[in-house]
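What follows is a single structure, written as structure tokens, with notes after it.
Chain A is the first sequence line, chain B the second, and so forth, proteins listed ahead of strands; every chain is numbered from 1. This is a predicted model, so every value here is computed, not measured.
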Amino acid sequence: MDFSYSESELLFQTELRTWLEENLPEGWLDGNRNIPADNKGKGEFLRDWQRKLSEGGWAGISWPVEYGGRGATLIEEVIYEQEMARVKAPPVLNIIGTAMVGPTLLDIGTEEQKEKYVRKILNGEEIWCQGYSEPNAGSDLASLQTKAVKQGDKWIINGQKIWTSYAHLSDRCFLLARTENTGKKHEGITAFLVKMDQPGVETRGIRSINDQYDFNEVYLNDAVADDADIVGEVNNGWKVSLTLLSHERVGVARQTFRLQKQFDELVELAETLEKNGRPLILDPIVQQNLAIFRAKTKALLFSYYRHLTNSIRTGKPGPEGSMDKLASSELGQEMLAYAMSLQGAENTLWKEDALVDASWQRDYLRSFGYTIEGGTSEIQKNIVAERILGLPKDIKK
Amino acid sequence: MDFSYSESELLFQTELRTWLEENLPEGWLDGNRNIPADNKGKGEFLRDWQRKLSEGGWAGISWPVEYGGRGATLIEEVIYEQEMARVKAPPVLNIIGTAMVGPTLLDIGTEEQKEKYVRKILNGEEIWCQGYSEPNAGSDLASLQTKAVKQGDKWIINGQKIWTSYAHLSDRCFLLARTENTGKKHEGITAFLVKMDQPGVETRGIRSINDQYDFNEVYLNDAVADDADIVGEVNNGWKVSLTLLSHERVGVARQTFRLQKQFDELVELAETLEKNGRPLILDPIVQQNLAIFRAKTKALLFSYYRHLTNSIRTGKPGPEGSMDKLASSELGQEMLAYAMSLQGAENTLWKEDALVDASWQRDYLRSFGYTIEGGTSEIQKNIVAERILGLPKDIKK
Amino acid sequence: MDFAFNEEQTMFQQTTRQYLQSKGDLAIPRNYMEGKQEILTQLWGGLAELGFMGINVPEQYGGIGLGHLSILPILEEMGRAVIPGPYPETVAFAIPLLNEFGTEEQKKRYLPDVASGKTKFTLAIIDDRKNQLKADLQGDNYVLNGAKILVAHAEFADLMIVAVRTGASNQDVSLLIVDHQLHAECQPVKSIDETRTLFTVSFSDFLVPKENLLGQESAGDQILKAGLNELTAAWSATMVGGMDRVVDMSAQYVKTREQFGQPVGRFQAVKHKVVDMLLALENARSLSYYASWTVENKAGDTFEAVSMAKSYNSEAFIRTANANIQNHGGMGFTWEFDCHLFLKRARSLENYLGSPQEHRENIAKESGWNKEKVLQYNK
Amino acid sequence: MDFAFNEEQTMFQQTTRQYLQSKGDLAIPRNYMEGKQEILTQLWGGLAELGFMGINVPEQYGGIGLGHLSILPILEEMGRAVIPGPYPETVAFAIPLLNEFGTEEQKKRYLPDVASGKTKFTLAIIDDRKNQLKADLQGDNYVLNGAKILVAHAEFADLMIVAVRTGASNQDVSLLIVDHQLHAECQPVKSIDETRTLFTVSFSDFLVPKENLLGQESAGDQILKAGLNELTAAWSATMVGGMDRVVDMSAQYVKTREQFGQPVGRFQAVKHKVVDMLLALENARSLSYYASWTVENKAGDTFEAVSMAKSYNSEAFIRTANANIQNHGGMGFTWEFDCHLFLKRARSLENYLGSPQEHRENIAKESGWNKEKVLQYNK
């Protein structure tokens with residue numbers, strides 16, 4: 001039991017910090033963290049950042065060195081996410097590519113697929129999105145209805161995806177489609193690598209409650225893919241998607257570190273805001289609430305580390321990721337809600353009129369997605385109950 | 001919309017108050033509310049109180065005048081419970097008899113049954129208990145397995161009941177038993193009026209976590225009943241039991257008023273206890289918590305009144321009783337838990353060594369039963385969801 | 001004793017619901033958010049036609065002469081449809097204050113126009129931190145300089161009741177009836193609740209005739225206390241309507257949305273969450289009814305009752321609006337679905353007219369848990 | 001970085017669990033509650049045989065010379081079985097204080113006997129409100145008069161570390177090693193947690209030799225702060241064990257108990273409740289591990305870390321023990337089932353060594369949210 005970093009880990013951390021200080025956008029570290037709001041400007045900004053990361057060797061750090069990665073250890077990945085959260089770095093546009101699609105292709109892709117896609121993922125030349133959810137297949141993903149039918153040597157894909165992040169900025173999509181309608185629901189699914197820039201693919205932005213357009217609907221009308229675009233085998237897509245999801249631990253790390261940062265900012269907020277001329281943080285009630293949040297954020301961090309320790313020891317990710325995801329999304333929502341409450345009667349002002357920093361309002365509204373996307377809290381609880389506690393499965397028809 | 005009592009209601013209240021002042025056990029109103037702890041002493045004490053109530057005309061007040069009641073209105077019943085809570089009157093030993101069995105027999109009993117039982121219920125000559133739950137039929141009451149089989153002109157009853165309040169002090173039991181094994185589970189149940197003092201009936205006290213013995217197991221080994229002891233018809237016991245349960249609103253009233261009293265005492269506790277020489281109630285954190293409880297207890301009271309208004313207008317009890325039961329049992333548990341917390345390091349001292357009043361510790365432990373007995377909170381939520389919100393029923397095999 | 005709506009209240013409730021539905025229900029706030037502010041003028045005209053602008057205006061001034069309990073069902077219904085506009089400010093603040101503190105002349109001048117729907121009021125009570133609003137009496141006019149923030153619907157209201165400093169001490173607060181549309185500067189500020197527009201209103205050598213003083217000079221604090229109490233009760237009632245709606249929305253959605261071959265409302269995690277929402281609604285409704293009853297009956301515990309309603313309801317509204325989003329899954333996260341309207345309204349009301357913590361402090365004060373009382377107790 | 005038990009810790013854990021199971025597991029506290037107090041003596045002998053009484057006693061005094069992290073798994077296991085007795089007081093208070101502040105002579109006198117299981121310690125730090133404990137130095141002895149309350153296991157412990165007033169000021173607190181078995185009056189008081197007997201211990205002209213002073217005279221407060229910090233970490237670890245057990249109990253019970261033809265654990269209301277318990281356990285375990293690590297490594301944030309563990313874990317233990325009763329339905333309400341043992345233990349630890357609120361105040365202080373820091377910040 002040891003809560004400190006090794007020397008080589010500390011070295012890695014210093015190297016990354018130095019790089020960030022030199023390469024983050026102008027003024028970023030001083031708090032000028034404005035990302036253009038319009039789709040085009042935002043896309044360019046994020047592509048620039050992705051390219052910088054890749055040039056500096058800081059994209060896909062866990063990838064093998066031969067493919068342009070660093071072969072980073074799990075702990076180094078964690079340090080990476082920690083540092084990125086610390087400086088509130090811009091989001092990684094090609095996160096689906098570097099964190100999920102790339103590693104999956106390296107795992108189980110064909111030589112041709114590796115050749116064709118992998119390097120372009122890392123250098124940001126091709127941005128990826130993932131096409132999983134559908135309007136009638138959210139929590140019940142296996143019910144997806146998007147169909148791929150073989151016609152000659154082409155697969156013709158029809159259907160609709162939803163909640164596809166950054167689809168409008170993406171070049172390719174890791175897409176699940178139904179290729180077989182008999183048998184069990186999850187046995188007729190195939191994973192395709194689909195080109196976005198083709199007549200059969202249309203994206204439409206979804207306006208979220210925080211007035212952002214990061215998610216999309218993707219309409220597939222006779223979209224086309226080849227046999228060579230199939231990952232794994234036909235009708236084996238469910239397993240492929242599980243492989244891909246097993247690479248999601250990085251997302252959990254990001255969420256966990258974001259919470260640590262958020263807590264620090266919450267304290268700053270309470271130190272900054274005043275009531276009757278006194279900083280709020282002197283209010284004993286505020287102190288009690290902050291102390292509760294302090295214990296909970298720290299607990300989640302250590303729990304994440306403990307679960308990571310298990311992964312390192314056993315060599316594979318465990319179901320504990322669901323606990324981390326569940327707890328951090330709920331706590332994030334709670335803390336942001338509290339930040340809203342602290343801002344008094346001006347708490348709903350946002351955008352350029354925000355009382356302190358508009359990101360509180362934007363992030364608060366964004367947090368309602370945390371407990372839904374990537375498996376709702378209700379689904380995560382079922383997973384934890386069944387896979388960790390061994391409780392009986394829900395009754396299904 | 002009117003939140004005040006009418007003149008005749010105020011008169012009723014005054015009359016009851018005067019009677020209580022004159023008839024409560026010596027010293028009761030001054031706080032000497034000791035009920036003997038041993039079974040025998042407790043039984044005698046409670047029987048005495050029951051007799052007093054009956055003699056004064058204050059047992060079964062909603063009963064028709066011809067049967068010894070007062071024909072009280074619903075609002076008068078409420079005032080009755082409010083006053084009883086105000087003075088923390090001793091429990092009514094024959095509550096099952098006066099509140100449930102009596103009214104049910106008056107509703108649907110035979111003339112012979114009314115003749116035989118009803119007056120003795122009111123004057124406390126015969127104490128009643130109810131035999132519903134079984135070890136394997138708690139939330140799922142319809143699964144009960146106690147069997148009654150007709151042999152000649154007698155019914156022979158075998159099985160086991162559990163959670164029977166005051167069974168050890170009771171003369172008769174309103175008992176559900178299975179008389180038919182085919183068909184739907186709840187269609188083969190019959191309601192019997194069973195004599196407790198017979199060789200086939202044996203009671204065993206259950207020690208509760210608060211070290212009391214108010215509940216019992218009842219073992220039925222060839223216990224005997226006649227045809228004349230059947231309420232309603234053979235195999236119609238499920239409906240009879242629902243009739244009986246519909247008379248339970250008084251229990252909810254009692255719980256609601258007990259909460260109001262408990263809140264006042266919680267404030268007194270915070271005014272009495274000190275930390276660093278200051279009464280706890282001056283602590284702003286304590287004030288916030290008390291203010292929350294204040295709003296919640298008041299809200300429950302007014303909700304109960306609103307639901308009662310509905311009952312009066314429609315002439316029948318609605319499913320809102322489940323909401324009242326659910327909310328008041330949960331809030332009671334919460335407030336008693338807070339009373340424990342307030343007592344600092346001495347909060348676990350009890351019986352003669354309690355810091356302030358041993359009833360805090362006893363009631364706190366007792367409160368864990370509130371959310372289980374008479375339908376667990378989970379069951380109540382199902383009832384509310386299905387009967388009030390119209391949500392789908394649980395999937396059952 | 002009777003704790004439910006009486007016939008008249010039920011009638012007001014049904015009429016309001018029918019009227020709002022005829023105007024598009026939730027399309028009303030939607031249209032307003034999208035800039036079609038004329039919907040407000042139409043709405044106001046309709047409310048006036050129904051007589052709803054004059055419910056608590058005395059008959060001699062063109063109203064019906066009823067009290068706060070009669071407005072209650074209308075407020076609930078407005079909350080149910082997240083209706084924009086200063087209805088509560090007008091009927092639960094301006095009218096009662098004019099009734100109680102207005103001069104005969106003021107009553108004659110304003111009340112008939114309010115009752116007919118011609119005049120809408122708002123209020124301005126929060127000072128700009130850096131530019132406190134002061135009024136100097138010069139001749140027959142008060143000269144106003146300074147600014148007020150978070151003024152709701154300044155664009156739509158014709159008049160506002162403004163709290164101004166009229167003397168050296170903090171207690172020298174007076175209320176003025178101000179025609180801000182003349183030449184006060186109304187600067188809109190962006191709020192996440194786009195159904196309640198907020199403004200910073202700045203005054204620069206702005207003249208207000210002396211006869212526009214409401215009540216005595218420097219008596220503003222006391223008058224405000226009464227007025228804000230009624231206004232707070234009113235907004236608490238709108239929250240009940242909002243909660244009622246999100247419970248409905250959730251119950252309906254989870255009955256029809258299917259996953260795993262089942263309506264999601266069959267899963268207890270979802271099912272019981274809706275029950276918890278309903279229980280919160282029940283509490284909120286009870287506290288609101290009681291608060292409004294104490295307002296109408298000037299009961300001794302009215303300040304406590306209103307603080308209980310406001311502190312409980314505002315937190316419960318946020319909680320249930322939040323749960324409603326979760327119950328709608330991904331769709332609840334979209335701008336397109338209506339769930340967020342309720343959450344945002346709930347947040348914009350959370351700390352308006354006092355935070356939950358402040359109202360709980362008031363409960364403590366009104367209950368006598370404050371220092372003075374307890375020290376007596378300990379003697 | 002490594003956040004799980006190492007091999008040694010795992011070994012201590014397994015050994016403890018096996019040993020306690022061999023002694024009857026939850027029959028141990030049951031027997032103790034029923035008056036069979038000899039079980040404690042047997043237990044202590046066994047623990048000593050396993051070497052568990054000397055884990056953090058230096059080797060030269062007959063121990064193994066390890067630190068707090070090595071005791072952690074043993075404490076967890078004891079919490080899992082609601083073990084009675086002053087094990088935490090002895091190994092996480094008396095031993096570390098003797099190690100750090102004891103004279104060479106004191107170490108020689110006490111540590112070998114503690115390590116061999118011969119000597120058990122408890123502590124007495126809370127004054128009787130009406131009869132504060134004072135010590136007058138007369139010649140070679142302190143003369144003690146007054147009483148301490150809530151002294152755990154005074155009947156079983158051979159010695160106690162007692163905080164006494166040795167001067168006029170409130171700061172004049174000193175620690176004495178007292179052989180209370182001589183002729184102090186130990187009056188048992190009834191607690192709902194019958195697995196932790198509590199006593200009022202009264203001293204009347206009770207002589208304690210001067211050489212029994214632990215640390216400097218009047219330095220008691222500082223020494224206590226360090227000692228109580230470690231003891232609090234230890235009790236927080238036992239809570240993790242308790243929570244681990246109630247999660248297990250609930251999971252097992254709801255898998256087997258059937259209603260409506262289903263194991264009740266299939267119903268999401270129950271199923272998700274057990275998940276919530278597990279999540280609380282995860283948090284508690286993490287905070288406990290970290291707190292113990294800061295204690296062993298004398299980390300700068302140890303007081304904050306321990307306060308986080310104590311405040312979170314004690315409330316979470318109550319909450320999960322409560323949920324465990326509910327999950328067991330009626331049976332959870334019986335004395336016969338073991339559920340209540342955990343709830344009662346949780347309550348008896350809630351405010352022991354500081355209430356959750358007090359520990360959160362300490363987090364605020366240690367985090368620099370207190371007045372001084374903030375006023376600087378605002379300058």
Side-chain angles (χ1 to χ4, degrees), chain A residues 133 135-143 162-163 185 206-213 215 274-275 283 285-286 289 333-334 337 340-355 358 361-362 364-373 376-379 381-382 394-397, chain C residues 125-126 129 149-150 187-194 196 198 200 257-262 264 266-270 273 314-315 318-319 321-322 324-337 339-341 343-358 360-361:
Chain A
S133 297
N136 291 312
S139 292
D140 183 13
L141 188 58
S143 289
I162 195 169
W163 301 119
K185 285 195 300 183
I206 298 172
R207 190 178 183 186
S208 305
I209 63 175
N210 60 345
D211 204 14
Q212 302 281 311
Y213 286 85
F215 296 103
E274 299 192 343
K275 193 176 146 187
D283 182 336
I285 295 159
V286 173
N289 289 329
Q333 209 175 86
E334 250 183 81
M340 290 294 284
S341 295
L342 282 183
Q343 292 175 64
E346 287 149 290
N347 67 351
T348 54
L349 301 186
W350 72 338
K351 297 187 178 171
E352 62 270 26
D353 292 314
L355 179 62
Q361 280 70 28
R362 203 189 52 225
Y364 167 63
L365 292 171
R366 179 67 184 86
S367 75
F368 291 94
Y370 299 168
T371 53
I372 297 168
E373 63 199 294
T376 64
S377 290
E378 290 80 5
I379 291 290
K381 286 192 181 179
N382 269 0
D394 272 29
I395 306 157
K396 291 173 195 170
K397 255 186 198 162
Chain C
I125 52 170
I126 309 179
R129 282 183 198 78
I149 62 168
L150 301 176
Q187 175 72 35
V189 289
K190 289 208 167 78
S191 165
I192 61 172
D193 177 9
E194 300 181 11
R196 268 189 94 233
L198 297 175
T200 298
R257 166 75 178 174
E258 295 205 351
Q259 291 284 276
F260 306 106
Q262 302 290 336
V264 296
R266 181 161 275 156
F267 297 101
Q268 285 188 343
V270 175
K273 202 199 300 285
S314 57
E315 289 187 339
I318 293 171
R319 206 163 60 238
N322 183 339
N324 188 43
I325 292 179
Q326 183 74 18
N327 288 335
H328 280 74
M331 298 317 294
F333 188 63
T334 63
W335 191 277
E336 182 193 348
F337 267 49
C339 305
H340 66 118
L341 301 187
L343 179 84
K344 290 171 176 176
R345 175 59 76 84
R347 275 289 165 194
S348 84
L349 297 180
E350 178 189 13
N351 296 322
Y352 177 54
L353 307 171
S355 70
Q357 181 179 329
E358 286 162 340
R360 285 192 287 264
E361 284 164 7

Derivation and outcome, side-chain contact (heavy atoms from CB on, under 4.5 Å), residues A/Tyr364 and C/Leu343: CA-CA 11 Å; A/Tyr364 167 63; C/Leu343 179 84; 3.7 Å; yes
Interatomic distance, C/Ile192 atom CD1 to A/Asp211 atom CG [nearest 0.5 angstrom]: 11.5 Å
Heavy-atom closest contact (C/Glu350 atom, A/Ser341 atom, distance): OE2-OG, 2.5 Å
Mutual orientation of the aromatic rings belonging to A/Trp163 and C/Phe333 [parallel < 30°, tilted 30-60°, perpendicular > 60°]: tilted
Proximity breakdown for A/Asn382 and chain C, heavy-atom pairs closer than 4.5 Å: neither
Note, C/Phe267 side chain near A/Asp394 side chain (heavy atom, < 4.5 Å): yes
Any residue meeting side chain to side chain contact (heavy atoms under 4.5 Å, CB included) with A/Ala358, in chain and number order, not counting sequence neighbours: A/Ala354
A/Lys381 versus chain C, the contacting section by heavy-atom distance below 4.5 Å: neither
Heavy-atom proximity to chain C below 4.5 Å, by part of A/Ser133: neither
Nearest non-hydrogen partners of A/Gly344 and C/Asn351, listed with the distance: O-ND2, 3.0 Å
Top contributor to chain A contacts, counting heavy-atom pairs under 4.5 Å, from C/Gly329, C/Ala269, C/Ser355: C/Gly329
Considering all heavy atoms, the nearest A/Ile372-C/Gly330 contact: CG2-N, 3.4 Å
Heavy-atom contact with chain C under 4.5 Å, split by part of A/Leu342: neither
Under 4.5 Å from a heavy atom of chain A, the part of C/Leu349 involved: neither
C/Glu194 side, atom CD; A/Thr348 side, atom OG1 - distance, nearest 0.5 Å: 10.5 Å
Residue selection (most heavy-atom pairs with chain A, distance under 4.5 Å) from C/Glu336, C/Arg257, C/His340, C/Arg347: C/Arg347
CD-OG distance between A/Glu346 and C/Ser191, expressed to the nearest 0.5 angstrom: 11.0 Å
Under 4.5 Å from a heavy atom of chain C, the part of A/Leu141 involved: neither
Nearest non-hydrogen partners of C/Gly261 and A/Asp140, listed with the distance: N-OD2, 4.4 Å
Separation between CD of A/Glu378 and CG of C/Asn327, rounded to the nearest 0.5 Å: 7.5 Å
Engaged part of A/Ser139 at the chain C interface, taking heavy atoms whose separation is under 4.5 Å: both
Part of C/Gln268 within contact of chain A (heavy atom distance under 4.5 Å): neither
C/Arg129 with A/Glu274: basic N within carboxylate O range, under 4.0 Å: no
Region of C/Glu315 in contact with chain A, defined by heavy-atom distances below 4.5 Å: neither
Chain C contacts, top residue of A/Lys275, A/Gln343, A/Arg362 (heavy-atom pairs, under 4.5 Å): A/Lys275
A/Gly138 to C/Gln259 - nearest heavy-atom pair and separation: N-OE1, 3.1 Å
Toward chain A, the part of C/Ile149 with a non-hydrogen atom under 4.5 Å: side chain
Test log, rule side chain to side chain donor-acceptor pair (under 3.5 Å), inputs C/Gln357 and A/Asp283: CA-CA 11 Å; C/Gln357 181 179 329; A/Asp283 182 336; 2.8 Å; yes
Chain A contact via C/Leu353 - which portion, at a heavy-atom distance below 4.5 Å: neither
Heavy-atom contact with chain A under 4.5 Å, split by part of C/Ile325: both
Shortest non-hydrogen separation from A/Asp353 to C/Val189 and the atoms involved: OD2-CA, 3.3 Å
Which portion of A/Ile285 sits near chain C, non-hydrogen atoms under 4.5 angstrom: side chain
A/Leu349 portion near chain C, given a 4.5 angstrom heavy-atom threshold: both
Winner by heavy-atom pair count (cut-off under 4.5 Å) against chain C, out of A/Gln361, A/Arg366, A/Gln333, A/Glu373: A/Arg366
